**Q** 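Attaching a single structure in structure tokens format; questions to follow.
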Amino acid sequence: MTKEVRLSGSGGQGIILAAIIIAEAAIMDFKNVIQTQAYGPEARGGASKAEVIISEGDIDYPKVINPDIVLAMTQEAANKHAAAIKDDGILLVDSTFVSKVPSHISKVYQIPITRMAKHEVGKEIVSNMVALGALVGLTGIVSYQSLEKAVLARIPKGTEELNKKALNLGYEAAMDLISRGEKAEQMCS
């Protein structure tokens, strides 16, 4: 089992940290991992992309070609990265900022990630943690226990409860979608 994951958004959304956390959680789950990242020259607001390959066996190539899972936190990220997803791949979008996705993607989940972080946790800065919780809830690519340990190992001291709340909020949102048997509405471009 090998899964290729692409996280995308804009600088300042914590995309790279989220990918590092997923990679570290996969290691805790005794899986092989490669994590790479790319971002524009702008510190905030520019394009940001991070990729993780998780495998129970050897990883032959260090780059994501056709992702199994794509997280798009902005419309630009969805426009740029969603088209490469595998036919049976999963696209998770932050519906706070993403309103259209390519019509060929059959598994699209919409969660208002940034809106939830801002209104239910009280800090927009933890949007990446809401996204991580949702991503793991929808895909099971790493265990929730390892994800939480990896988050707590990476975040600044004093923010543990805030980040755990955000992570759990995203996870519960994903579990709610699954329990209702819902695939989020298809948004076509």
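Fair warning: this is a prediction, and the values are worked out from it, not measured in the lab.
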**Q** Step through the shown structure and confirm whether more than 12 heavy atoms of other residues, nucleotides or ligands are within 6.0 Å of NZ on Lys3.
**A**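 Not more than 12 within 6.0 Å, no.
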**Q** What is the minimum heavy-atom distance between Ala23 and Val33, and which atoms define it?
**A**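 In this case the closest contact between Ala23 and Val33 is CB-CG1, 3.4 Å.
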**Q** Check Ala166 against Met129 and note the closest heavy-atom contact, atom names and distance.
**A**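 Distance-wise, the nearest heavy atoms are CB-CB, 3.7 Å.
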**Q** Of Val64, Ile85, Ile59, Val70, which is the lone residue that meets side-chain contact (heavy atoms from CB on, under 4.5 Å) with Glu4?
**A**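 Single pass found, and it is Val64.
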**Q** Would Val151 and Met28 show up in the same hydrophobic cluster when neighbours are defined by side-chain heavy atoms closer than 4.5 Å?
**A**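 Different clusters.
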**Q** Can you tell me how far CG of Leu167 sits from CG of Leu135, rounded to the nearest 0.5 angstrom?
**A**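 Between atom CG of Leu135 and atom CG of Leu167 there are 11.0 Å.
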**Q** Calculate, to the nearest 0.5 Å, the distance between atoms OG and CD1 belonging to Ser127 and Ile113 respectively.
**A**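 Answer rounded to 0.5 Å: 8.0 Å.
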**Q** Any side-chain heavy atom of Leu162 sitting closer than 4.5 Å to one from Lys165?
**A**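 Answer no - side chains too far apart.
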**Q** Is it the case that over 12 heavy atoms from other parts of the model lie below 6.0 angstrom from the NZ atom of Lys86?
**A**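 Count over threshold, so yes.
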**Q** Find the distance between CD (Gln35) and CD (Glu24) and round it off to the nearest 0.5 Å.
**A**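 Atom-to-atom, Gln35:CD and Glu24:CD are 9.0 Å apart.
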**Q** Any side-chain to backbone donor/acceptor pair from Thr74 onto Ala77? Under 3.5 Å, distance only.
**A**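 Side chain of Thr74 to backbone of Ala77, a donor-acceptor pair under 3.5 Å: yes, one is there.
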**Q** Is there a path of hydrophobic side-chain contacts, each under 4.5 Å between heavy atoms of I/L/V/M/F/W/Y residues, joining Ile141 to Leu177?
**A**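 In one cluster with Leu177: Ile141, yes.
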**Q** If you round to the nearest 0.5 Å, how far is CG of Asp87 from NZ of Lys107?
**A**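 Here the interatomic distance stands at 10.5 Å.
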**Q** Checking Thr96 against Thr114: is there a side-chain donor and acceptor pair closer than 3.5 Å?
**A**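 Their side chains do not contain a donor-acceptor pair, so the 3.5 Å distance test is not met.
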**Q** Quick one, Tyr109 and Val93 - any side-chain contact, counting heavy atoms below 4.5 Å?
**A**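 No; the side chains remain at least 4.5 Å from each other.
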**Q** For Ser99 and Gln75, what are the C-alpha separation, side-chain angles and deciding distance, and is it a side-chain contact (heavy atoms from CB on, under 4.5 Å)?
**A** CA-CA 7 Å; Ser99 60; Gln75 186 64 57; 3.6 Å; yes
**Q** Ignoring hydrogens, what is the shortest heavy-atom contact between Val142 and Val136? Give both atom names and the distance.
**A**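 Heavy atoms only, the tightest pair is O-CG1, 3.3 Å.
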**Q** Please check if the side chain of Glu172 supplies one atom and the backbone of Leu169 the other of a donor-acceptor pair under 3.5 Å.
**A**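 No, the answer is negative, given that no donor and acceptor are paired below the 3.5 Å cut-off.
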**Q** Please find the pair of heavy atoms, one from Asp29 and one from Ser146, that lie closest to each other, and give the distance.
**A**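 Closest approach of Asp29 to Ser146: OD1-OG, 2.6 Å.
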**Q** Is any side-chain heavy atom of Ile15 closer than 4.5 Å to one of Asn128?
**A**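 A side-chain contact under 4.5 Å is absent here.
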**Q** Is the shortest side-chain heavy-atom distance between Glu51 and Ile34 below 4.5 Å?
**A**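 A side-chain contact is absent here, since even the closest heavy-atom pair is not under 4.5 Å.
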**Q** State plainly whether one hydrophobic cluster holds both Ile53 and Leu132, where clusters connect Ile, Leu, Val, Met, Phe, Trp and Tyr through side-chain heavy atoms under 4.5 angstrom apart.
**A**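 They do not share one cluster, since no chain of ILVMFWY contacts under 4.5 Å joins Ile53 to Leu132.
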**Q** Are Ile22 and Ile54 packed together at the side-chain level, in the sense that at least one heavy-atom pair is separated by less than 4.5 angstrom?
**A**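 Ile22 reaches Ile54 side chain to side chain.
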**Q** State, with a plain yes or no, whether a side-chain heavy atom of Ile21 is found less than 4.5 Å away from one of Leu17.
**A**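 Counting from C-beta outward, Ile21 and Leu17 do come under 4.5 Å.
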**Q** Mind checking whether Asp68 and Ile90 have side chains closer than 4.5 Å, heavy atoms only?
**A**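 When only atoms from C-beta onward are counted, Ile90 and Asp68 do not touch, as no gap falls below 4.5 Å.
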**Q** Could you report the tightest heavy-atom contact between Phe97 and Met73, atom names first, then the distance?
**A**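 Looking at all heavy atoms of both residues, the shortest contact is CD1-O, 3.5 Å.
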**Q** Examine the side chains of Asn32 and Ser55 and answer whether a donor and an acceptor come within less than 3.5 Å of each other.
**A**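 Checked: Asn32/Ser55 side chains show no N/O donor-acceptor pair below 3.5 Å.
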**Q** According to a 4.5 Å side-chain heavy-atom criterion applied to Ile, Leu, Val, Met, Phe, Trp and Tyr, with indirect links allowed, do Tyr171 and Val5 form part of one hydrophobic cluster?
**A**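 Linked, Tyr171 and Val5 end up in one cluster.
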**Q** Any non-hydrogen side-chain atom of Gln37 less than 4.5 Å from a side-chain atom of Lys49?
**A**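 A side-chain contact is absent here, since even the closest heavy-atom pair is not under 4.5 Å.
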**Q** Looking at OG of Ser48 and CD1 of Ile16, how far apart are the two atoms once the value is rounded to the nearest 0.5 Å?
**A**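 One finds 4.0 Å between OG of Ser48 and CD1 of Ile16.
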**Q** As an exercise, state the distance from CD of Gln110 to CG of Leu91, rounded to the nearest 0.5 Å.
**A**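 The distance works out to 9.0 Å.
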**Q** If you compare all heavy atoms of Met116 against all heavy atoms of Ala173, which two are closest, and at what distance to 0.1 Å?
**A**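 Residues Met116 and Ala173, closest heavy atoms: CE-CB, 3.8 Å.
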**Q** Could you check whether any side-chain N or O of Gln145 sits under 3.5 Å from a backbone N or O of Ser143, counting only pairs where one atom can act as donor and the other as acceptor?
**A**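 Side chain of Gln145 to backbone of Ser143: no pair is present.
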